Protein chains: 2
Amino acid sequence: MSLLDIGEIARRTGVPPSTLRYYEEVELIRSEGRRGLRRQYDGDVLLRLSLIGLGKAAGFSLGEIAGMFGSDGRPDIPREQLHAKADELQRQILGLRTLRDALRHVADCRAPSHLECPSFRALLKSSARRPLIYRPSSGQSDRQLAPGRRGRAG
Amino acid sequence: MSLLDIGEIARRTGVPPSTLRYYEEVELIRSEGRRGLRRQYDGDVLLRLSLIGLGKAAGFSLGEIAGMFGSDGRPDIPREQLHAKADELQRQILGLRTLRDALRHVADCRAPSHLECPSFRALLKSSARRPLIYRPSSGQSDRQLAPGRRGRAG
DNA sequence: GCTTGACCTCAAGTTGACTTGAATTCGTAG
DNA sequence: CTACGAATTCAAGTCAACTTGAGGTCAAGC
């Protein structure tokens with residue numbers, strides 16, 4: 001089977017070579033070898049990159065995404081994590097709806113100041129206080145990415 | 001009318017003082033004066049902070065949020081642009097809904113591996129290449145935030 | 001009048017996800 | 001053989017959105 005070199009992968013996926021190298025550095029993908037200097041990738045990485053793209057779209061961090069590939073390399077996404085993410089998306093959707101309505105209100109309302117408009121205030125009241133979505137900043141289920149050599153400056 | 005000092009705002013909203021100062025620096029909020037050193041805020045900022053929280057939850061950058069709700073509390077962009085933004089939100093909502101449903105489906109799907117689940121494959125296919133949801137990273141309609149003095153080292 | 005504690009300023013650090021730049025190394029076409 | 005172009009390495013830069021830390025200040029309570 002023929003390996004694809006990095007430029008080919010980049011062209012097919014739209015993911016720039018620098019990013020591919022970065023992903024490799026943090027062990028999200030791996031290359032099978034070199035032709036001269038050029039990295040050669042197995043066709044599998046195309047699928048893997050789709051998966052990564054999907055994960056990013058869903059709002060997972062690279063660390064979380066890395067955790068979703070079993071040590072054997074094939075995806076093994078825990079179902080409860082998917083549900084949790086779906087719930088988070090749900091909350092995000094609610095927030096977006098509120099924001100959308102707020103925006104439309106602001107665009108149309110003739111009140112001198114929106115802050116004084118009762119319906120605007122009512123709109124916002126629902127979302128005040130607690131964070132609308134849980135932003136995983138340093139999560140517990142977050143696998144540690146390979147750190148590379150970045151930061152070990154001399 | 002009584003002004004609230006920064007600690008009070010922080011306690012009521014959960015937004016830490018350092019963040020409030022930062023927001024003020026980038027002109028997302030403003031304080032009305034000082035009592036001694038302490039910043040004093042009008043009660044309006046509570047509402048404003050809700051708005052900001054909402055925008056953040058929706059994935060907007062602070063710059064975009066600033067553009068939606070001008071420094072004085074009302075939008076500094078024309079109505080049609082606001083409507084355009086709302087429409088954009090609507091599209092984003094649809095994308096998120098699709099993603100959410102797909103996530104749930106995959107979570108519940110009994111296929112032995114996610115890769116074998118047809119709807120998962122379809123999802124992958126649709127998300128390959130172009131982003132499933134619009135991620136505002138460095139948009140064109142993004143208002144420039146006041147830069148503060150950060151970086152002007154000497 | 002002194003202490004305390006909450007605030008202040010300003011510079012610099014942090015994190016995640018990359019990108020950029022300089023100096024270098026190949027494989028191939030001419 | 002030489003040039004070229006595409007890839008390489010490694011260090012460092014970028015960006016957003018904050019946080020942290022050092023050193024300073026003020027109002028209130030004892």
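Computed from a prediction, not measured in an experiment: that's the story for all the values here. First the proteins, then the strands, lettered A, B, ... as listed; each starts at 1.
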Of the listed nucleotides (C:dC7, C:dC18, C:dT25), which one gets closest to any side-chain atom of B:Ile6? C:dC7
B:Tyr41 and side-chain contact (heavy atoms from CB on, under 4.5 Å): which partner among B:Leu3, B:Asp5, B:Ile29? B:Ile29
Distance in angstrom units between A:Leu28 CG and C:dC18 C1', rounded: 13 Å
Heavy-atom count check: over 12 atoms from other residues, nucleotides or ligands less than 6.0 Å from A:Arg30 CZ? no
Could you tell me how far apart A:Leu62 (CG) and C:dT15 (C1') are, to the nearest whole angstrom? 12 Å
One should read off an interatomic distance between B:Arg97 CZ and B:Arg100 CZ, to the nearest 0.5 angstrom, of 6.5 Å
Does a nitrogen or oxygen in the side chain of B:Arg39 sit under 4.0 Å from OP1 or OP2 of C:dC7? no
Just the rounded figure in Å: distance from C1' of D:dC26 to CZ of B:Arg34. 12 Å
Calculate the interatomic distance between A:Glu64 atom CD and C:dT15 atom C1'; express it in whole Å. 14 Å
Which nucleotide in the list D:dA17, D:dC18, D:dA7 gets nearest to the side chain of A:Asp5? D:dA7
5'-most contact on DNA chain C: B:Glu8 or A:Tyr23, nearest heavy atom basis? B:Glu8
To the closest 0.5 Å, what do you measure between CG (B:Leu123) and CG (A:Leu54)? 4.5 Å
Which whole-number value in Å describes the distance from B:Phe60 CZ to D:dA17 C1'? 17 Å
Name the nucleic acid region contacted by A:Arg21, choosing base, sugar-phosphate or nothing; use a 4.0 angstrom heavy-atom cut-off, strictly under. base
Do the side chain of B:Arg121 and the main chain of B:Glu116 share a donor and acceptor less than 3.5 angstrom apart? no
When we call it a touch if two heavy atoms are under 4.0 Å apart, what does A:Thr19 touch: a base, just sugar-phosphate, or nothing? sugar-phosphate
Spacing between B:Leu37 atom CG and C:dC10 atom C1', to the nearest angstrom: 14 Å
Base, sugar-phosphate alone, or nothing: which one does B:Pro16 contact when heavy atoms must sit under 4.0 Å apart? sugar-phosphate
Report the distance from atom CG of A:Leu20 to atom C1' of D:dT8, rounded to the nearest whole Å. 14 Å
Minimum-distance nucleotide (side-chain atoms of A:Arg38 versus C:dA6, D:dC18, D:dG5): D:dG5
Separation of atom CG in B:Leu4 from atom C1' in C:dC7, rounded to whole Å: 16 Å
Tell me which nucleotide among C:dT25, D:dT19, D:dG5 gets nearest to the side chain of B:Tyr22. D:dT19
Quick check for you: among C:dT20, D:dT19, C:dT28, whose closest atom lies nearest to any side-chain atom of A:Ser18? C:dT20
